[in-house]
Amino acid sequence: MEISERILLSAEELFFRYGVKSVTMDEIARELGISKKTIYQHFPDKDELVFQVVEKRMVKNRTDMVCSVGAGKNTVERVVLMNEVMRQMLSVVNPGILFEIKKYYPRAWQVFQKHMQEHVLIDTVADLRQGIADGLFRSEINVDVMARLRLKEIEFGFDNQWFPPNEYSLAQVQYEFMDHFLRGILTDEGLSVYLKHYPA
DNA sequence: TACCGG
DNA sequence: GCCGGT
């Protein structure tokens, strides 16, 4: 594997587990058994490294999404599946990481924002439309408004001012949001499908 | 690895 | 004093 790719993978794993600021360039180098100089031959500074880690993760998330679209039989299953994948990820992610990136790494934050607005929003709208077509979501909902609500909900779950990590589990908060959101838009038929995944 | 500067 | 950068 390319050395630059290995650097990105190690950096991502460390950032996700411990946060971005608390992981030093020395630690990334030590993890890989290489020198800091090697890292700086591939990345001009830490800002660029963080930027590329986020960009790579966004691209991978997108391909994972496309795969998971085929995995579920219907829209409810897909939303639940996607949430399961997310919960799995969140259980090992340092909760402060999103706001840390927002505060200290504006370039990486912009890539994240752009990805959310250009890809995730469109995918979510498409999912809601499909759910309505399948008779699982209520047709009265405004799919564009509800898609935006869902994305901001997920982002809100990361807000450690409102949900201090020692008081709330990130995965639990995200589950509560998903459950509440789905119950608000499900038809009776959709609800019964949903309850097969999460019996009340 | 040691070092400088923020 | 720590850490990014040389």
Side-chain angles (χ1 to χ4, degrees), chain A residues 1-68 82-124 148 150-177:
Chain A
M1 190 189 294
E2 291 280 337
I3 182 64
S4 58
E5 199 178 336
R6 294 177 60 225
I7 294 169
L8 287 172
L9 284 174
S10 279
E12 175 176 349
E13 194 193 324
L14 290 170
F15 290 161
F16 272 32
R17 196 181 316 164
Y18 303 110
V20 181
K21 273 245 169 277
S22 61
V23 172
T24 67
M25 298 298 269
D26 281 300
E27 283 168 329
I28 297 168
R30 202 183 325 130
E31 173 83 11
L32 286 161
I34 62 178
S35 72
K36 258 202 302 184
K37 184 176 179 181
T38 307
I39 297 181
Y40 282 106
Q41 280 169 351
H42 293 269
F43 302 92
D45 49 36
K46 189 178 181 181
D47 190 76
E48 176 67 17
L49 180 59
V50 175
F51 176 82
Q52 289 196 30
V53 165
V54 171
E55 192 175 45
K56 193 158 171 285
R57 164 53 47 184
M58 294 299 99
V59 170
K60 181 151 195 319
N61 271 9
R62 181 141 174 74
T63 56
D64 286 354
M65 283 296 186
V66 172
C67 290
S68 77
M82 259 186 265
N83 210 65
E84 279 301 309
V85 172
M86 194 175 69
R87 287 180 74 194
Q88 201 78 39
M89 205 181 75
L90 294 180
S91 64
V92 294
V93 165
N94 181 317
I97 190 165
L98 262 196
F99 277 76
E100 206 180 10
I101 288 171
K102 182 176 186 173
K103 192 170 179 185
Y104 299 107
Y105 300 93
R107 287 183 61 233
W109 181 249
Q110 276 194 358
V111 158
F112 173 75
Q113 292 288 88
K114 188 178 172 200
H115 176 261
M116 290 294 277
Q117 284 167 23
E118 290 187 3
H119 299 296
V120 184
L121 180 62
I122 286 163
D123 290 346
T124 306
R148 283 159 200 269
R150 183 72 190 109
L151 297 198
K152 280 294 165 180
E153 242 175 32
I154 293 169
E155 194 182 318
F156 183 41
F158 281 90
D159 192 325
N160 48 21
Q161 304 290 320
W162 284 83
F163 302 104
N166 41 341
E167 290 176 50
Y168 299 90
S169 134
L170 186 53
Q172 182 63 28
V173 168
Q174 293 291 353
Y175 167 74
E176 293 286 338
F177 283 170

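Quantities reported herein were computed from a predicted structural model and do not represent experimental measurements. Proteins get letters first, then strands, A, B, ... in listed order; numbering begins at 1 in each.
By the side chain to side chain contact (heavy atoms under 4.5 Å, CB included) test, A/V173 pairs with A/F163, A/Y168, A/F177, sequence neighbours left out. Qualifying side chain to side chain donor-acceptor pair (under 3.5 Å) partners for A/Q117, counting only residues two or more places apart in sequence or in other chains: none. The ring-ring contact (aromatic ring centres under 6.0 Å, His included) check on A/H42 picks up nothing, with sequence neighbours excluded. Residues passing the salt bridge (charged side-chain N to carboxylate O under 4.0 Å, His left out) test with A/K102, sequence neighbours excluded: none. Scored by the side chain to side chain contact (heavy atoms under 4.5 Å, CB included) test, A/Q161 finds A/D159 as partners (sequence neighbours excluded). Residues satisfying the salt bridge (charged side-chain N to carboxylate O under 4.0 Å, His left out) test with A/K60, not counting sequence neighbours, are A/D64.
Within the model, atoms CE of A/M116 and CG of A/D123 stand 11.0 Å from one another, a figure rounded to the nearest 0.5 Å.
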Check residues 30-40 of chain A and write down every donor-acceptor pair under 3.5 Å in which the side-chain atom is one partner and the other belongs to a residue at least two apart or another chain.
| from | atom 1 | to | atom 2 | distance (Å) |
| --- | --- | --- | --- | --- |
| A/S35 | OG | A/K37 | N | 3.4 |
| A/S35 | OG | A/T38 | N | 3.4 |
| A/S35 | OG | A/T38 | OG1 | 3.3 |

Could you list the donor-acceptor pairs under 3.5 angstrom formed by side chains in residues 105-112 of chain A, with sequence neighbours left out?
| from | atom 1 | to | atom 2 | distance (Å) |
| --- | --- | --- | --- | --- |
| A/R107 | NH1 | A/D47 | OD2 | 3.1 |
| A/R107 | NH1 | A/E48 | OE1 | 3.1 |
| A/R107 | NH2 | A/E48 | OE1 | 3.2 |

Donor-acceptor pairs are to be reported for all side-chain atoms of residues 11-21 of chain A against protein atoms at under 3.5 Å, with residues two or more places apart or in another chain.
| from | atom 1 | to | atom 2 | distance (Å) |
| --- | --- | --- | --- | --- |
| A/E12 | OE2 | A/R57 | NE | 2.8 |
| A/E12 | OE2 | A/R57 | NH2 | 2.8 |
| A/E13 | OE2 | A/R17 | NH2 | 2.4 |

Check nucleotides 4-6 of chain B for protein N or O atoms closer than 3.5 Å to its own N or O atoms and list the pairs.
none

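When DNA chain C is scanned 5' to 3' for any atom under 4.0 Å from a heavy atom of chain A, the first and last hits are C/dC3 to C/dT6.
Near DNA chain C, meaning a heavy atom under 4.0 Å away, the residues from residues 30-40 of chain A are A/K36, A/Y40.
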